[in-house]
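To keep things clear, I will list the structure first and then write my remarks on it.
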Amino acid sequence: VQLQASGGGLAQAGGFLRLSCAASGSGFTINAMGWYRQAPGKQRELVAQISNGGIVTNYADYVQGRFFISMDYAKKTVDLQMHSLKPDDTAVYFCVIRWRYYGRTFERENWGQGTLVTVSS
């Protein structure tokens with residue numbers, strides 16, 4: 001399973017950006033997809049996650065009400081809409097997928113290459 005992320009870039013404070021991530025491969029089912037971020041000098045942290053076929057979502061407190069995650073389960077894609085951006089949202093954003101082969105219970109995890117989001121004040 002491979003991930004290809006797109007989107008990101010530069011935005012002004014209060015602005016909007018959208019991140020997308022597509023999973024490719026065959027013979028697998030998705031348990032969850034999500035986004036993490038890592039700012040310079042800081043640890044990687046969860047931004048948002050979506051699971052159960054796109055039914056269950058959870059967000060970090062610092063993005064609650066501003067960021068919205070959605071999934072197209074059939075297309076194996078996940079989007080992150082980022083509204084009301086703040087300079088503190090500046091980070092490299094990573095897509096992650098937790099998946100398993102059909103008929104198997106062991107869960108695997110893969111990460112995308114990261115995409116930079118820069119928010120200017």
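For Q43, the CD atom counts as loosely surrounded, since its 6.0 Å shell holds 12 or fewer non-hydrogen atoms of other residues, nucleotides or ligands.
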Derivation and outcome, side-chain contact (heavy atoms from CB on, under 4.5 Å), residues M82 and V117: CA-CA 10 Å; M82 305 184 291; V117 170; 3.8 Å; yes

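Stacking of R44 on the aromatic ring of F94 is recorded, both the 6.0 Å distance cut-off and the 45° axial limit being met.
Residues Y36 and L80 do not share a hydrophobic cluster, defined by chaining ILVMFWY side chains whose heavy atoms lie under 4.5 Å apart. Cluster annotation: V47 is connected to L3 through the hydrophobic network of ILVMFWY side chains, with a link wherever side-chain heavy atoms come within less than 4.5 Å. M71 and W111 fall into different hydrophobic clusters, where Ile, Leu, Val, Met, Phe, Trp and Tyr are joined by side-chain heavy atoms under 4.5 Å apart, directly or via other members. Under the 4.5 Å side-chain heavy-atom criterion for Ile, Leu, Val, Met, Phe, Trp and Tyr, V96 and M33 are members of distinct hydrophobic clusters. Using a 4.5 Å cut-off between side-chain heavy atoms of Ile, Leu, Val, Met, Phe, Trp and Tyr, with links allowed through other members, W35 and V92 fall into different hydrophobic clusters.
In this structure, the side chains of K86 and V119 stay at 4.5 Å or more apart for every pair of heavy atoms.
Using modelled atom types, one finds a donor on one side chain and an acceptor on the other under 3.5 Å when comparing T29 with Y73.
Salt bridge status for E109 with R98: present, with a side-chain N to carboxylate O gap under 4.0 Å.
Taking CG of L46 as the reference point, atom CG of N58 lies at 6.0 Å (rounded to 0.5 Å). Note: S51 OG to N31 CG = 8.5 Å, rounded to the nearest 0.5 Å. Separation of atoms SG (C95) and CD (Q113) is listed at 9.0 Å; rounding is to 0.5 Å. Interatomic distance, CZ of R100 versus OG1 of T105, reported as 8.0 Å (0.5 Å rounding).
Residue pairs meeting the ring-ring contact (aromatic ring centres under 6.0 Å, His included) criterion with at least one partner in residues 38-66, sequence neighbours excluded, are absent. Judged as a side-chain hydrogen bond (donor to acceptor under 3.5 Å, both in side chains), not a single pair has a partner in residues 2-15 (not counting sequence neighbours).
Applying the side-chain contact (heavy atoms from CB on, under 4.5 Å) test between S70 and each of T77, D79, V78 identifies D79 as the sole match.
Taking the six-membered ring wherever Trp is involved, the centroid distance between the rings of H83 and F67 does not fall below 6.0 Å.
For F28, the side chain to side chain contact (heavy atoms under 4.5 Å, CB included) partners are V1, A23, I30, K76, I97, W99, not counting sequence neighbours.
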